[in-house]
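These notes are about the structure you will find just below.
Ligands are counted one by one from 1 in listed order, and the atoms in each one are counted from 1 as well. Index from 1, following the sequence.
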Amino acid sequence: MFIPQLEDLGDVKGKTVLVRCDFNVPITKKENGEFEIVDDFRIRSSIPTLKWLVDRGAKVIACSHIGRPHGKADPDLSIAPMAKRLHEYLPEVEVLENLRFSKGEEENDDAFVKELIKGVDLYVDDAFGAAHRMHASIVGPPKYLRSAAGRLLAKEAQVLSSLLEAPERPFVAIMGGSKVSDKMGLIKAMLNKVDSLILGGGMAFSFLAATGHSVGDSMVEPDEFDTCRHLLDSTNKIILPVDCVALGADEKFGRECQSGKAEDFDGDIPSGWKGLDIGPKSSGMFREVIMNSKTILWNGPLGVCEDPRFSAGTLAVATAVAHFGGFSVVGGGDSAAAIEQAGLAKYISHLSTGGGASLEFLENGDLPGLKALRESPT
Ligand code: AMP
């Protein structure tokens, strides 16, 4: 897929360049009211592009959204802590306030685009994590300015395209997370590409229930049962868990509040119990498949990994993906966080900065942000 690169911008010396970054990083507010950045991976990932431009004499203006302020200024979602962190690396870069403080950003308002590009000569999109959004700062500037993809966006697009076009086989996708309905489009798209599709997390229970297994009170979406059954009938690529770790009725789970004792169940789950992680047999079985593959794509936790009683399955998969020896791509979100927390990031071939964007790219083979760049007057 052709995407204009930084080199296609021509000489940037003396030019004002607007760079759409993704500085939407996790932050916490300390007791003294100061903000602390929990993980600055996305900020650090923007540096190669910003530095490339600064080193060549461009005047660089970076912009990003932070959280969901819904078109209103919100001091808790100011970009100031991110700008401060960026300035530790690159003090020359001007940083605009949170784009979503203005309604025009999410509404893709042309007047807002024109305001944003006033006095700007060139546009660079390096915000992979937001490239699936039809928002003003993503799809607007390329209509008016010579534009290019930054290094991060270009790399993400290139890696994901290579998975879709020519993966080394066996190519195995691992998908987890909560709702099967959110990822059904992706499941169908990936079944056309992969040799095996491992399913875990809440979404696996709809597949199990659809084929007559008792899943107790586990998360299921009955509206999806027909589709699940149809997919299982039409392919033998889907690999489902064979055991699980479950919690009894009325017990609490999650990051904040935990009660009750988790128990392992082989096969069916008794009524009243909720399956919240894959069990040890499934972990071993998934590990075997992963170890025998050449390319892995992983998105979504295999259980409620934010609760330590249900994190073993996700950790086992993270460890196998880190060590299987082939080409590994981990989509953003919880699976990327699990890899980081386990200190395994250095063993992953490509850790994506964008969960939603990587899923949408894999499902549709394109993103609004990439299309806008291709159609810009570069
Ligand atoms: P997603 O945003 O769809 O990737 O889902 C991530 C969420 O799925 C995490 O917050 C997990 O707690 C949740 N999750 C994973 N496995 C299960 C499960 N078996 N039951 C309920 N929620 C789950």
Next on the checklist: Tell me whether Met134 at atom CE has more than 12 heavy atoms from other residues, nucleotides or ligands lying less than 6.0 Å away.
Outcome noted: no
Contacts table for residues 270-277: side-chain donor-acceptor under 3.5 angstrom, sequence neighbours left out:
unit_1, atom_1, unit_2, atom_2, d
Asp277, OD2, Ala312, N, 3.3
Asp277, OD2, Gly313, N, 3.0

**OP:** I would like to know whether Asp8 and Arg146 meet salt bridge (Lys or Arg N to Asp or Glu O under 4.0 Å); could you show each step before the answer?
**Re:** CA-CA 9 Å; Asp8 296 316; Arg146 197 161 175 177; over 6 Å; no
Are any protein N/O atoms closer than 3.5 Å to the N/O atoms of ligand 1? If there are, list each pair with names and the distance to one decimal place.
unit_1, atom_1, unit_2, atom_2, d
ligand 1, 3 (O), Ser178, N, 3.2
ligand 1, 3 (O), Ser178, OG, 3.3
ligand 1, 4 (O), Lys183, NZ, 3.1
ligand 1, 5 (O), Ser178, N, 3.1
ligand 1, 5 (O), Ser178, OG, 3.4
ligand 1, 8 (O), Ser178, N, 3.2
ligand 1, 10 (O), Glu306, OE2, 3.0
ligand 1, 12 (O), Glu306, OE1, 3.2
ligand 1, 12 (O), Glu306, OE2, 2.7
ligand 1, 16 (N), Gly202, N, 3.3
ligand 1, 19 (N), Gly202, N, 3.4
ligand 1, 19 (N), Gly275, O, 3.1

Mind telling me whether Phe253 and Phe310 have parallel, tilted or perpendicular rings, with 30° and 60° as the class edges?
perpendicular
For Glu224 and Ser181, the nearest pair of non-hydrogen atoms, with its separation, is OE2-CB, 3.4 Å
Might you work through the side-chain contact (heavy atoms from CB on, under 4.5 Å) test for Trp298 and Val317, ending with a clear yes or no?
CA-CA 9 Å; Trp298 177 27; Val317 163; 3.9 Å; yes
